[in-house]
Amino acid sequence: MSQVLTVEDLTVEFKLPEGKLRAPDGISFSVGEREVLGIVGESGSGKSVTALSLMGLIPSPPGTVKAGKMEFMGENLLKEAENIRGKRISMVFQNPLNSLNPSMKIGAQLVEVLVNHMNMSKIEAKEKSILMMKSLGIPSPENLMNRYPFEYSGGMRQRIMIAMAMLCNPKLLIADEPTTALDVTIQSQILYLFRELKQKFETSLIFITHDLGVIAQIADRVMVMYAGKQVENASVEEIFKNPKHPYTFGLLDSVPKLIPEKRKERLLSIKGNVPGLLEPPKGCRFHPRCSRAMKICAEEEPPAFKVDSSTVWCWLYKSEVVKNENA
Ligand code: SF4
């Protein structure tokens, strides 16, 4: 599978009056053609800042984006984000009401995207907008073009945002918690829509969420983040069948089980809170909350260990690697 996006050693640093804060801090990942990368973690893990840095939307000051490599289809995103944003990489945000202009009719907002980004005439842009909504299964798009965002439900507004993001046929779509504000039924309809558009438009997708249940339904590969660091990268099957990092275990224990015999098990939360990032814990950032922490965990940051097909940043696997090397 050829790569659409390759990111190496990405750090976003914010200079604040209280001090310097880094999140994400040295993360690396890639997204292949038609692949869905799920990024999962609690609030404050750096997921959304990662997405904004790919879009070139980190305000400077106070933010600075640094990366060994940030390449989108052969182009340097650190330099070209402004030209690529909205056309070949699009983004869908959590709350469509904040993203849509409440005083402008929906049709005018869709047409504006195509006029500005694709130099289309207003007539062409209107036709293309209606076609896009039809292909995403949005009912009565002609009627919808003359309405305002507040006239629609949250689920329909999110569909409109997805249509808007897809208008320029982006190669990569970034969705930041797009289902979090929706009830479960609408959530599964929106997830179905994302799966459909991956097939129909051959779009790659980065799907950001705090919910592993959502990840199970949409992702091919998963990057688990904690306090600005990546802690585990693996296929979605590996994350659910054979998780490696204690934090991933904690996230999985807090997801309701669908298997009948496991449904009665109590949901467990991870003890403690995500640390402040102005002064993150030394060593492994998860160590104050980790039931398996060892002496080294509070002293040295764990490097990446390759375990089976996963990559894990955890000292538990040091001996595993040594064992494999000696085998
Ligand atoms: Fe726990 Fe240590 Fe692994 Fe961190 S490195 S997750 S503290 S065992």
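Counting convention: from 1, in listed order, for ligands and their atoms alike. Everything numeric here is computed off the predicted structure, so don't read it as measured data.
- A donor-acceptor contact closer than 3.5 angstrom links the side chains of Tyr226 and Arg289.
- Near Cys290, meaning under 4.0 Å from one of its heavy atoms, ligand 1 places the atoms 1 (Fe), 6 (S), 7 (S), 8 (S).
- If you chain together hydrophobic residues whose side chains sit under 4.5 Å apart, Ile89 and Leu10 fall into the same group.
- Taking 2.8 Å as the criterion, Cys314 counts as a coordinating residue of atom 3 (Fe) of ligand 1, since one of its N, O or S atoms falls below it.
- Across the listed options Ala298, Cys297, Pro246, Ser291, Cys297 owns the non-hydrogen atom lying nearest to atom 7 (S) of ligand 1.
- Counted by atom type alone, Ser103 and Asn101 present one or more donor-acceptor pairs between their side chains at under 3.5 Å.
- Looking from atom 6 (S) of ligand 1 to the surrounding protein, the closest heavy atom is His245 CE1, 3.5 Å.
- Ranking the protein heavy atoms by distance from atom 5 (S) of ligand 1 puts Trp315 N, 3.2 Å first.
- Residue-environment remark: NZ (Lys20) stays at or below the threshold of 12 foreign heavy atoms within 6.0 Å.
- At least one N/O/S atom of Cys284, whether from backbone or side chain, sits less than 2.8 Å from atom 4 (Fe) of ligand 1.
- Side-chain atoms of Gln189 and Arg159 form a donor-acceptor pair, as typed in the model, at a separation below 3.5 Å.
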